[in-house]
Amino acid sequence: MGLLNKIENAAYNSKTFYNWAFTNGIEHAAVFQCISNKYVITHAKGIDAQTVLSSISSFDFFNGTILPFKKWLCTSAQTKAIEPYYQLLSGNYKDTVQKICFLPLTDSEKTPVLMLLSLENEELKLPDDNSENKEKILSYIEKTQDKTVEIPAQKINSLLPNQANLFIISLKLAFQQIYKNTIINEELKSITEKTLYNEFFNQLYSCLSEHNLCQRGSDFEIKAAVFSNAELELNLFQAFISELFMPLTGETYAEKIVTISAGKSENSESIQKFLTQS
């Protein structure tokens, strides 16, 4: 498991909201944005899938509770003040949340709202809520990449002569099961699917070291090239993926994530083709 330990302990460097939360030591963070008069999570780190779906709320709810505040609004577990916000959380989070905090990010009527959570035995250090820091957070939201990007050949060449173990991780079946009993219109389904897919991708991306590669695929697939001087067995990588994503999906849905071996390669062109072609 040495290779997998190396993957798990990797650094993360990317201009995304996920990275902003990661570098600030925040375990659970989300951004709500108002779409068609509904507040919905559009960016997430460490937020489980059921919370992303449960948290869809009316503008009126946010306007009556959160939007009047220009600074942090925080409530703690086992107080009356937290009760209205339980509707935003999954059943698991309702049982384990210790503190929930909200920060409107602009002065506009339907401003994006930052939500931070601390769960059982976690510490939560709040970022400054001054205008400069709000603008910085907004800039990470705007920069969040959700498209396939070209991987330079020199980057791949720098990882050779170690062979690349090529994998495809399909989230499609897991997503189908997550949404199976959820009543949601197509617009909000598309938005939340994008939120979840980006969160899952960033979760994996953050765990792959600079010595491995990760790329968005099509149809809720993620492609990975794990470089090693030895073959990485599919069952080990599948176990790693299931464990990595289980906090987001729960055990039942984690079992629906399919990992496929796409072979091995020591050729930079074939590796690049695998990663970038749909």
Side-chain angles (χ1 to χ4, degrees), residues 4 7-23 26-31 33 40-53 140-152 155-156 164-179 189-227 237-250 253-262 271-272 274-278:
L4 295 185
I7 291 174
E8 290 171 333
N9 293 327
Y12 182 41
N13 183 21
S14 180
K15 294 294 184 181
T16 64
F17 172 75
Y18 190 104
N19 174 246
W20 172 82
F22 186 95
T23 55
I26 298 169
E27 294 289 337
H28 310 282
V31 173
Q33 291 185 281
V40 56
I41 293 177
T42 57
H43 299 73
K45 177 194 178 289
I47 301 295
D48 68 11
Q50 292 304 319
T51 292
V52 172
L53 299 186
Y140 274 85
I141 296 170
E142 293 165 358
K143 289 176 182 176
T144 294
Q145 175 64 253
D146 60 4
K147 297 179 181 179
T148 299
V149 295
E150 184 175 350
I151 299 174
K155 170 64 176 177
I156 299 174
N165 297 273
L166 307 177
F167 298 100
I168 298 172
I169 301 101
S170 175
L171 305 172
K172 186 174 182 177
L173 182 58
F175 280 17
Q176 288 175 347
Q177 293 299 310
I178 288 169
Y179 282 88
K189 183 172 185 285
S190 177
I191 291 166
T192 53
E193 282 178 335
K194 180 179 176 181
T195 300
L196 291 172
Y197 178 76
N198 283 334
E199 181 180 21
F200 279 59
F201 174 81
N202 285 317
Q203 181 89 341
L204 180 59
Y205 189 95
S206 69
C207 289
L208 292 179
S209 74
E210 61 186 273
H211 303 296
N212 301 289
L213 299 171
C214 183
Q215 182 67 285
R216 288 174 171 83
S218 59
D219 203 20
F220 303 117
E221 289 181 351
I222 302 173
K223 296 181 178 181
V226 181
F227 290 81
F237 193 69
Q238 173 72 64
F240 163 71
I241 292 296
S242 296
E243 183 178 353
L244 178 68
F245 289 148
M246 197 174 297
L248 305 181
T249 61
Y253 298 134
E255 294 175 354
K256 303 299 182 182
I257 297 172
V258 179
T259 304
I260 303 165
S261 173
I271 296 168
Q272 187 176 52
F274 164 75
L275 289 170
T276 56
Q277 288 193 351
S278 299

Q) Backbone N or O of Val258 within a donor-acceptor pair of the Gln238 side chain at under 3.5 Å? A)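 No; judged by distance alone, with no hydrogens or angles, the pair does not exist.
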Q.
Using only atom types and a distance under 3.5 Å, with no angle test, would you say the side chain of His28 pairs donor to acceptor with the backbone of Ile47?
A.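 Looks like no, no N/O pair under 3.5 Å.
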4.5 Å side-chain heavy-atom contact, [X] and [Y]:
X      : Y      : value
Tyr18  : Gln203 : yes
Ile168 : Phe274 : yes
Ile241 : Leu204 : yes
Val31  : Gln33  : yes
Tyr179 : Glu193 : yes
Asn198 : His43  : no
Ser242 : Ile257 : no
Gln50  : Ile178 : yes

Q.
I need the single residue from Tyr197, Phe200, Tyr253 that forms a ring pair (Phe, Tyr, Trp, His ring centres under 6.0 Å) with Phe245. Which is it?
A.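 Only one option passes, and that is Phe200.
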Separation of [Y] [atom2] from [X] [atom1] (nearest 0.5 Å):
X      : Y      : atom1 : atom2 : answer
Leu275 : Leu213 : CG    : CG    : 6.0 Å
Leu171 : Lys256 : CG    : NZ    : 14.5 Å
Thr51  : Leu196 : OG1   : CG    : 10.0 Å
Asn19  : Ser206 : CG    : OG    : 9.5 Å
Ile222 : Phe201 : CD1   : CZ    : 7.0 Å
Leu166 : Ile271 : CG    : CD1   : 6.5 Å

Q. What closest approach, in Å, do Asn212 and Phe227 show between heavy atoms, and which atom pair accounts for it?
A.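 Distance-wise, the nearest heavy atoms are OD1-N, 2.8 Å.
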(Q) Is the positively charged end of Lys45 above the ring of Phe22, judged by distance under 6.0 angstrom from the centroid and angle within 45° of the axis? (A)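 Negative - Lys45 is either too far from the ring of Phe22 or too far off its axis.
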Q | Centroid-centroid distance, Phe237 to Phe240, less than 6.0 Å | A |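 Centroid separation for Phe237 and Phe240: below 6.0 Å.
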Q) How are the rings of Phe17 and Trp20 set to each other: parallel, tilted or perpendicular (split at 30° and 60°)? A)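 Geometry flag for Trp20 against Phe17: parallel rings.
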Q: I would like to know whether Gln215 and Thr276 meet side-chain contact (heavy atoms from CB on, under 4.5 Å); could you show each step before the answer?
A: CA-CA 7 Å; Gln215 182 67 285; Thr276 56; 4.0 Å; yes
Q.
Taking side-chain hydrogen bond (donor to acceptor under 3.5 Å, both in side chains) as the cut-off, I'd like each qualifying pair that reaches into residues 167-178, sequence neighbours left out, listed once.
A.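 For residues 167-178, and leaving out neighbouring residues, the side-chain hydrogen bond (donor to acceptor under 3.5 Å, both in side chains) pairs sorted by first residue read Lys172-Asp219.
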